[in-house]
Structures are given as C-alpha cells and as structure tokens.
Amino acid sequence: MGSRLSISPPPDFDFARDVCSYGYFLLMPNEWDPTTQRMRRPLHVESGVAVFTLSQPGGRGKPVIASCDRTLSRSEQSDARAQIRRMLQMDDTGVGAFHKVDRRWKKGGRARLFRSPTLFEDLIKTVTSCNVTWPSTVNMNRRLCETISPAFPTPAQLSRRKPQTLRARCGVGYRDQRLVDLARLHVRGEIDPAWLEDPGVPDDDVYKFLLGLPGIGPYAAGNVLQLLGRYSRLAIDTETIRHAKTYLGLTGTDRQITRAVEAHYEQFGAHKFRSYWFELWDFYEAKRGPAWTWEPRTTGASFTASKL
DNA sequence: GGTAGACCTGGACGC
DNA sequence: GCGTCCAGGTCTACC
C-alpha cells in the first residue's frame with residue numbers, strides 16, 4: 001500500500017469545479033475521470049515518478065486526498081504536496097478580491113484556474129497551444145509524455161533532446177528548437193520561477209521578460225502570466241475575437257476589436273483575465289455541459305474553438 | 001510602428 | 001486514397 005496524503009484546502013475549494021476550470025486538465029499527463037471525479041496524475045519526486053490519484057471524497061472544503069502508488073519518503077511527500085497545491089491553486093489569496101470586483105462569480109464560487117505542478121510544464125503547454133487547434137495540442141502533450149517522461153518532461157530531460165527527435169516523435173513541428181531552447185534556459189537558471197512568482201515583482205516586468213523567451217509572443221506571455229496567478233492582462237487570441245463578437249457584440253477589424261476588448265475588461269483591474277476566462281468557460285459549458293462531465297478522449301479532445 | 005509571408009500539423013472536404 | 005485548403009501565434013524581413 002502506498003502513501004496517502006491529506007491536503008487541507010480553503011473552505012470554498014471544490015475539487016471538480018476547480019480542476020475543470022482550465023483546458024490543461026484535459027492534457028496529459030493529467031487524466032480526469034468524469035465518472036469518479038478523480039484525477040490521475042504522475043509527478044516527479046526525488047526517487048523517480050510516482051503516480052497519484054486525487055479526489056475530494058468529503059466534498060467542498062474537505063481535504064483533498066492524494067493516494068500514491070508507492071510509499072514516499074517524508075521529503076517526497078512534502079514535495080508532492082507542494083506540487084499538488086500549485087496545480088489546484090489552493091494558495092490563491094485573491095479569491096475574495098476577485099468576487100468583489102466581479103460579483104457574477106461569487107455565488108458559484110469560480111475563481112481558481114487549474115494549472116501545472118511546475119512553471120516549466122505551464123510554459124511548454126502554452127507553446128504547444130500556439131498556432132494549432134486544440135486536438136493538436138492534445139496530441140503534442142500526449143506524445144511528449146509517451147516519448148520522454150510519463151510525468152511530463154523535466155527541463156533537464158527536454159534540454160538533452162535533439163529538436164529533430166521532438167519533431168519526428170512528438171509532432172511539435174517548427175516548435176522543436178524553441179522547446180529545447182526553453183528547457184536549456186531553464187536548466188541554466190535563466191528562467192527563474194522564484195523571481196517570476198515573486199509577488200513583489202510587477203506584472204509588467206514579468207510580461208516583458210516572458211516576451212523575450214523563444215516561442216513566447218503576446219498571447220503566450222499573457223497566458224503564462226495568468227498561470228503564474230497574475231490576472232492583470234488578457235491573453236488575446238482568435239478565440240478572444242470570437243468571444244468579443246458573439247458575447248460582447250463588438251464589431252470592426254480585429255485590431256479595433258482587440259483595443260475595445262482591452263478597454264472593456266479594464267473595469268476588472270487586477271482580475272481581468274479571470275472575468276474574461278469565466279465568461280468564455282460559461283460559453284463552453286453551455287455548449288458541452290459542465291466541464292467536469294467532459295470525457296477527455298472525446299469531448300475534451302475534440303474542442304476546436306472556431307467551430308463552437 | 002505596422003505588415004506580409006513562412007513556419008507545421010491535422011482535420012475537413014472534394015474528387 | 002490522394003490533393004488541396006484552412007486554422008492557429010510567433011518570428012523575421014521589410015517598409
């Protein structure tokens with residue numbers, strides 16, 4: 001029998017709602033089971049890969065239970081606990097402030113956005129989501145896990161791969177060199193998660209730094225920013241333009257709409273990404289049902305925003 | 001500062 | 001089964 005971790009969440013934490021709040025819950029190595037409302041997730045710990053099953057059997061506000069397939073040392077348990085808390089945004093201190101500036105989400109409690117156990121995985125996932133439709137992003141992440149590590153490639157593992165191998169075996173296309181370069185920057189300490197996550201560092205400084213990274217343009221930088229828990233900017237892509245036209249009723253050229261969207265979400269200040277995102281998520285759920293019911297291999301893999 | 005075109009993959013469609 | 005077209009951000013060259 002393996003280790004069993006009991007992780008205390010904030011009182012309003014709702015496992016199914018808060019896991020199924022951002023598309024990354026559908027990307028390997030995350031495996032959401034809509035029937036049992038559990039998530040299977042392998043993590044890197046000191047002695048190798050450990051597979052966890054996460055759930056919240058007691059319901060909202062009760063402990064999240066992480067059952068591991070093997071016995072972990074004390075330090076490994078502590079490491080795994082920190083990774084799980086990061087994924088589930090359990091330490092988000094801005095929930096109340098968000099609900100104050102945008103009261104629409106207070107009743108349902110939406111505020112947390114699911115993310116990865118490491119910033120590096122969030123960076124790579126973001127690059128795999130650029131200039132492709134969602135099914136291709138799903139494929140790239142599956143193949144990265146199948147080819148390099150079942151718990152997602154670490155910076156060291158990815159930095160040692162040849163770009164051509166990534167292209168041939170993981171289907172990442174022209175992103176091959178950029179992914180390897182990102183991994184090498186990470187290994188050399190030139191991407192420093194502690195600095196990027198330091199609340200004392202202004203969002204604008206982080207944004208400018210991210211823009212300088214390979215494969216990271218304005219959309220990707222905005223998205224990584226929100227994955228860092230910094231919601232003061234939008235991540236504008238074609239889906240934003242569609243949302244602006246259909247939901248906000250904006251018209252004009254894409255450039256005009258982009259400017260109008262920026263102006264529209266100004267009212268939500270430091271939380272504008274969340275306000276935008278949950279409007280979008282509501283739209284998806286209206287089309288496909290609650291996100292926690294999405295079957296990852298069918299509904300979750302077939303999403304193509306332009307066809308919604 | 002703005003714009004055009006290349007970069008890849010996978011799905012849709014027509015034949 | 002094959003060929004063609006299209007969606008999707010980033011990057012570079014150029015004006």
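Numbered from 1 within each chain, the chains take letters A, B, ... in sequence-line order.
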Whole angstrom value for the distance that separates P of C:dT10 from CG of A:L210:
12 Å
A:W134 atom CH2 is separated from B:dA12 atom C1', nearest whole Å, by 21 Å
Nucleotide C:dT10, atom C1' - distance to CG of A:D176 in whole Å:
14 Å
Look at the side-chain N and O atoms of A:R178 and state whether any lies under 4.0 Å from the OP1 or OP2 oxygen of C:dG9.
no
Establish whether the base of C:dG8 is bridged to the side chain of A:Y219 by a donor-acceptor pair shorter than 3.5 Å.
no
Of A:N139 and A:N131, the one whose closest DNA chain B nucleotide lies more 5':
A:N131
Nearest-angstrom distance from the residue atom CZ of A:R169 to P of B:dT9
15 Å
Distance in angstrom units between A:N141 CG and B:dT9 P, rounded:
16 Å
Whether over 12 other heavy atoms sit under 6.0 Å from A:R230 CZ:
yes
Please report, rounded to the nearest Å, how far the P atom of C:dG8 is from the CZ atom of A:R242.
10 Å
Mind calculating the distance between CG (A:L179) and P (C:dT10) to the nearest angstrom?
13 Å
Report yes if at least one side-chain N or O of A:R143 is closer than 4.0 Å to OP1 or OP2 of B:dG10; otherwise report no.
yes
By nearest atom, which of the nucleotides B:dC8, C:dT10, B:dG2 is closest to the A:Y174 side chain?
B:dC8
For B:dT9, take OP1 and OP2 only and decide whether either is under 4.0 Å from a side-chain N or O of A:T133.
no
Taking A:R40 for the side chain and A:D33 for the main chain, is one N or O donor matched with an acceptor at less than 3.5 Å?
no
Under 4.0 Å between a side-chain N or O of A:R167 and OP1 or OP2 of B:dC8?
yes
Side-chain ion pair, A:R112 and A:D14, N-O less than 4.0 Å:
no
So, do A:I65 and A:Q56 sit near enough that their side-chain heavy atoms are less than 4.5 Å apart?
no
Base, sugar-phosphate alone, or nothing: which one does A:I236 contact when heavy atoms must sit under 4.0 Å apart?
nothing
Find the distance between CD (A:E121) and OG1 (A:T126) and round it off to the nearest 0.5 Å.
10.5 Å
A:D254 CG to B:dT3 P: how many Å, rounded?
12 Å
Among B:dG10, C:dG9, B:dC8, which nucleotide has an atom closest to any side-chain atom of A:D237?
C:dG9
